[in-house]
Each structure stands twice: as structure tokens, then as C-alpha cells.
Amino acid sequence: MKTLPHDFLWGGALAAHQFEGGWNAGGKGPSVVDVMTAGAHGVARRITDTIEEGTFYPNHEAIDFYHRYQEDIALFAEMGLKCLRTSIGWSRIFPNGDETEPNEAGLQFYDDVFDELIKHGIEPIITLSHFEMPLHLAREYGGFRNRKVADFFERFAEVCFTRYKDKVKYWMTFNEINNKMDVENPLFLWTNSGVKVEPGENAMEVMYQTGHHELIASALAVAKGKAINPDFQIGAMISHVPIYPYSSHPEDVMLAEKSMRQRYFFPDVQARGYYPNYALKEFEREGYQIPILDGDDEILKNGTVDYIGFSYYMSTTVKHDATVNNTGNIVNGGLANGVENPYIQSSDWGWAIDPVGLRYVLNRLYDRYQLPLFIVENGFGAVDTIEDGKIHDAARIDYLKTHIEALTEAVTEDGVELMGYTPWGIIDIVSFTTGEMKKRYGMIYVDRDNEGNGSMERMKKDSFDWYKQVIATNGQDL
Ligand code: BG6
């Protein structure tokens with residue numbers, strides 16, 4: 001019988017900046033996302049120098065969870081969620097990032113949210129930094145180019161761990177720490193690291209330099225967290241888009257193998273506590289100067305993670321002799337030899353729909369790290385239409401159903417240790433890559449459009465009742 005463990009964490013996932021709103025409420029400072037305008041599929045979001053008057057910034061109000069958290073959490077409870085993955089807005093707690101004392105109003109807000117979740121029997125799963133470093137740290141310190149920012153992050157982590165030690169058990173340090181490997185798209189280094197690459201700089205070298213400081217920050221935070229509460233489970237969080245070889249041509253297979261290092265480099269360090277040889281060879285070959293200080297080896301060794309959290313949306317494919325990069329996709333872009341996979345259909349935003357890929361990555365990650373895994377994002381971004389006051393999101397249900405089947409096989413047939421599943425954007429939120437509202441993932445619809453119009457009213461989609469039944473039957477009734 002294909003049964004998931006009885007304590008399997010069924011939930012939903014969100015990120016502070018994409019749904020909270022209240023961007024300057026309760027003493028919150030601006031974050032790197034607060035200067036990002038709206039874009040669209042194929043149209044990049046602009047990063048503005050200041051907050052420009054008259055420019056629309058979709059994350060400023062987002063879906064106003066800040067003022068509606070009780071109503072929203074009641075809906076999550078009605079759906080039967082056992083956990084909710086969300087993040088703490090770093091600049092709510094440290095508005096500039098370099099203060100010595102935290103902002104009490106910000107801390108209180110998360111106390112209120114966590115209490116409300118716990119009251120409804122929903123376990124909070126918390127990412128410390130989900131793309132939202134205080135803007136001041138990016139502007140004045142150069143973000144994670146600067147080692148001091150690792151210390152600021154450690155202080156932020158310590159404050160959160162201490163304050164919420166009896167309310168939150170499961171943590172992750174940085175969201176999708178590895179997505180900035182795609183240095184072609186400035187969005188990723190900006191939101192992950194508060195970094196803009198200057199003309200004349202080698203973007204990969206900058207990425208590894210700032211990445212080193214983030215790995216140090218993550219390890220320092222893990223060690224601090226364990227000292228505060230030894231029961232904490234602190235994980236890595238990576239974006240996991242597997243890269244397939246286009247054919248059985250040995251060069252395609254080798255290229256896919258090498259390309260996968262883009263996905264593995266960060267978790268390799270976070271899980272093992274040291275740099276992998278392929279990276280050291282790359283630094284040597286390319287002449288990259290990585291700011292590794294005496295004692296860093298110890299820090300990395302003492303701050304390894306307990307589990308691997310990851311997002312999975314799609315797979316991608318490489319061909320050693322590809323002449324045209326036709327992936328046309330900014331999330332898995334940056335692959336010089338990326339090509340379309342002829343066996344896989346894509347969403348309207350060009351994201352390949354590949355449930356077997358989920359079982360494949362669960363196996364690859366588990367074999368590599370022998371650590372518990374947690375699927376903390378997975379979902380289908382699509383346009384929803386209201387017909388007779390209802391939203392029949394059959395394509396979303398189909399996507400989720402096939403992915404749940406795949407994860408169930410990985411657990412029940414392959415023996416993968418999987419902690420839980422939190423589909424992305426359980427309620428409609430602002431898209432990260434495009435800033436749009438119309439790219440919807442939620443099982444709860446929010447009346448808000450790309451330009452910020454709408455009543456913000458919430459409405460259940462067909463997927464709401466479907467997922468409720470999935471949870472109630474522990475994944476048996478799909
Ligand atoms: C992940 C991020 O990359 O993908 C989320 O962790 C993001 O923040 C999600 O929202 C889906 O991407 P998008 O661009 O469709 O919102």
C-alpha cells in the first residue's frame with residue numbers, strides 16, 4: 001500500500017514580501033524587493049534607485065496579509081493545513097539591517113502570526129531570508145560582498161531564534177541560495193545577495209565571493225540556532241531544476257552532469273561542511289579570489305544543515321552541440337546549451353511540466369546527501385478565470401495531483417525520507433520573477449490585478465476543496 005508517514009507535513013508555502021504588504025508599517029524599513037517594479041513574461045522587473053513617486057511597486061501592498069492574517073489563517077485552517085511555510089521580513093526586524101537593537105513592532109507582528117497559526121494547529125516553517133535583505137545593507141555595504149553583512153545576518157537569526165524558540169521548530173536560512181548561479185539575470189544576485197555586478201567585473205567570481213559570505217552566514221546561523229534550541233531542525237533551501245542530457249550522446253550526459261553542479265554547489269557546502277573539489281578546481285582554473293579567512297573551514301564544518309528543503313517546478317535539458325538557446329525561461333536560463341525537451345509540455349510562462357522529474361530529484365538529492373528532504377515549493381502558475389462566480393482550476397489540480405503521485409512513489413517505492421510538501425502560493429500572491437498577480441498559484445483567489453486594482457476579497461477555487469481532501473486522506477484520495 002502506498003502510504004505516506006502519518007506525520008507527513010502537508011502545508012502551503014509563501015514568502016513575506018510576496019504576500020504581507022505593509023511594506024512600511026510597524027517601523028519596517030525598505031528591502032531590496034521594495035524597489036522592484038512590475039514586469040511580465042519576458043519583461044524584466046526594474047530595480048529603481050529610489051522609491052519613485054508614481055511608480056507601481058507590487059510588493060508594497062501585495063495581498064495585505066499584514067492586516068488580514070486572521071482571516072487568511074482561518075482559511076488555511078479550514079483547508080486542513082498542518083504547516084505553513086513563510087518567511088520573516090528581515091527589514092521588519094532590523095529596518096536598516098545594521099542596528100544593534102531589533103524593532104519590537106516587527107517582532108510582535110510575527111509573534112501574533114505564529115500564535116494565530118499555532119492556535120489553529122498549523123506548524124510554522126520559517127525561512128529567515130527569502131529575497132528581502134534590508135535595502136540599506138545593499139546600498140551602503142554592497143550586500144553580501146561585505147563580510148559584515150554575514151554578521152548582521154547572524155544577529156538577525158539570533159534574535160529570531162531566541163524570540164520564537166518555543167513557537168518555531170523548523171527553519172531554513174536562505175531561500176533558493178543557489179538560484180544566483182544564473183548570473184545572466186540581475187534579479188537573482190540582487191534579491192539573494194543585495195549585489196549588482198559592475199561593468200568589467202566577472203559575474204561568476206562576484207557570485208562565488210558573495211556566495212562564500214552567505215555560506216558563512218548560513219553556517220553561523222545554524223550553529224547559533226542549535227545553541228539556542230537543540231531541538232531546532234535547520235535546513236538549506238535550494239532551487240532544484242534538474243538538468244537532463246538531451247540524448248544518450250556521452251557529451252550530452254557529461255554536460256548535464258557538469259551543469260548540475262550549478263544546482264549542487266551551495267547544498268554541497270551546506271550539507272557536508274566543506275567546498276567540493278570541482279569548485280576548488282574551478283576557482284583555481286579561473287583565477288577566482290574567494291575571501292576565505294582563517295577559521296572559515298571550522299565555521300562551515302560546525303554549521304551543517306539538518307535537512308534539504310527545495311523548490312521544484314520544472315526540469316530543463318542541455319545538448320552539447322546546441323546552436324540556439326531556445327529555453328526562453330528566466331528561471332532556468334543562464335544555461336548556454338539549454339534546449340527544449342520534446343517530451344514535455346510547458347505552462348504559459350514556459351515552465352516545463354514534469355512530475356517524473358520530481359521523483360528523479362528526490363532520488364538524486366537523497367542519494368547525494370542522505371538527509372531528510374522537504375519539498376517546500378511546487379506549483380502551477382496560471383491565469384484563472386471566474387465563471388459563474390467560481391474558479392475551476394482543473395489544470396492546477398492536475399499538476400499538483402501528478403506531482404503528489406510522484407513524491408508518493410519516491411517515498412513508498414524508493415525509500416526517500418521526505419518530511420513534507422508545501423505547494424507554493426497557497427493563496428494568490430505577487431509573482432517573484434515577473435511581479436505579476438495574474439500568474440496565480442493559489443487555491444484561494446485574491447481579487448487583485450497586475451496594476452494593483454481590486455477589492456482584495458478572497459475566494460476559494462476548486463483546488464481548495466480538492467487539497468483539503470488530499471490532506472484529510474494523507475494523500476490517498478487524489
Ligand atoms: C521560487 C521562489 O523561485 O519560485 C518564489 O522561491 C517564487 O519566491 C516561486 O515566487 C515562483 O516563481 P514566480 O516567478 O512564478 O513567482
Side-chain angles (χ1 to χ4, degrees), residues 11-20 31-33 36-45 58-59 62-63 65 84-90 125-133 172-182 185 187-193 235-242 262-263 266 308-316 328-334 346-353 358 361 374-384 395-396 399-400 403 422-442 446 448 450:
L14 298 158
H17 68 97
Q18 289 173 263
F19 83 128
E20 282 180 2
S31 79
V32 290
V33 175
M36 281 168 46
T37 65
H41 184 33
V43 181
R45 301 182 72 174
N59 299 75
I63 61 157
F65 174 82
L84 182 78
R85 174 189 175 224
T86 182
S87 63
I88 295 182
W90 185 349
I125 312 274
I126 300 303
T127 313
L128 284 167
S129 180
H130 191 128
F131 303 156
E132 49 200 315
M133 166 190 294
M172 281 164 272
T173 52
F174 292 98
N175 183 64
E176 294 191 340
I177 189 168
N178 59 343
N179 71 1
K180 57 183 168 290
M181 280 279 185
D182 177 3
N185 187 339
L187 180 76
F188 299 123
L189 261 173
W190 176 248
T191 49
N192 264 18
S193 319
M237 193 313 193
I238 59 166
S239 157
H240 210 60
V241 181
Q262 291 199 7
R263 313 292 188 237
F266 283 94
I308 307 287
F310 69 99
S311 62
Y312 176 83
Y313 292 91
M314 63 190 140
S315 59
T316 186
N329 184 319
I330 61 167
V331 164
N332 67 357
S346 293
S347 77
D348 290 346
W349 276 263
W351 291 24
I353 303 168
L358 178 58
V361 302
F374 199 158
I375 303 167
V376 294
E377 288 185 32
N378 171 241
F380 187 64
V383 174
D384 285 319
R396 180 170 299 107
Y399 178 99
L400 295 169
H403 285 75
T422 59
W424 180 247
I426 197 79
I427 181 168
D428 291 344
I429 53 176
V430 176
S431 155
F432 162 57
T433 51
T434 68
E436 294 168 300
M437 269 307 294
K438 75 169 188 189
K439 188 181 187 190
R440 295 173 184 271
Y441 288 85
V446 177
R448 173 108 170 147
N450 283 353

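Order of appearance sets the numbers: ligands from 1, and atoms from 1 within every ligand. Values reported hereafter were calculated over all heavy atoms of this structure, with side chains retained and with hydrogens, waters and symmetry mates removed.
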| When R45 is tested against each of T434, T191, N59, T433 for side chain to side chain donor-acceptor pair (under 3.5 Å), which residue passes? | N59
| Plane angle bin for Y441 and Y313 - parallel if under 30°, tilted between 30 and 60°, otherwise perpendicular | perpendicular
| task | Report the relative orientation of the aromatic rings in H17 and F131; use parallel for angles under 30°, tilted for 30 to 60°, perpendicular for over 60°. | result |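 If you compare the ring of H17 with that of F131, the planes turn out tilted.
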| Less than 4.5 Å apart, any side-chain heavy atom of W349 and any of E436? | yes
| query | Got I375 and L358 here, is their nearest side-chain heavy-atom distance under 4.5 Å? | reply |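 They are in side-chain contact.
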| Backbone, side chain, both or neither: what part of W349 comes under 4.0 angstrom of ligand 1, heavy atoms only? |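 Under 4.0 Å from ligand 1, W349 contributes no heavy atoms.
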| task | Tell me which part of F380 gets within contact of ligand 1: side chain, backbone, both or neither, using heavy atoms under 4.0 Å. | result | neither
| message | Does the residue Y313 have a heavy-atom contact with ligand 1, meaning some pair of atoms that are separated by less than 4.0 Å? | response | yes
| message | Need the ligand 1 atom indices (1-based, order shown) with element for anything under 4.0 Å from a heavy-atom of S431. | response | 13 (P), 14 (O), 15 (O), 16 (O)
| field | Distance filter under 4.0 Å to Y441 heavy atoms, resulting ligand 1 atoms | value | 11 (C), 12 (O), 13 (P), 15 (O)
Backbone or side chain, does any N or O of [X] fall under 3.5 Å from an N or O of ligand 1?
X	answer
V430	no
N175	yes
H130	yes

| request: Ignoring hydrogens, just give me the one of T433, T191, N179, T127 whose non-hydrogen atom is nearest atom 14 (O) of ligand 1. | output: T433
| request: Provide the closest heavy-atom pair for V376 versus A13 in the form atom of the first, atom of the second, distance. | output: O-CB, 3.2 Å
| Under the 3.5 angstrom rule, does the side chain of Q18 hit a backbone N or O of V430 as a donor-acceptor pair? | yes
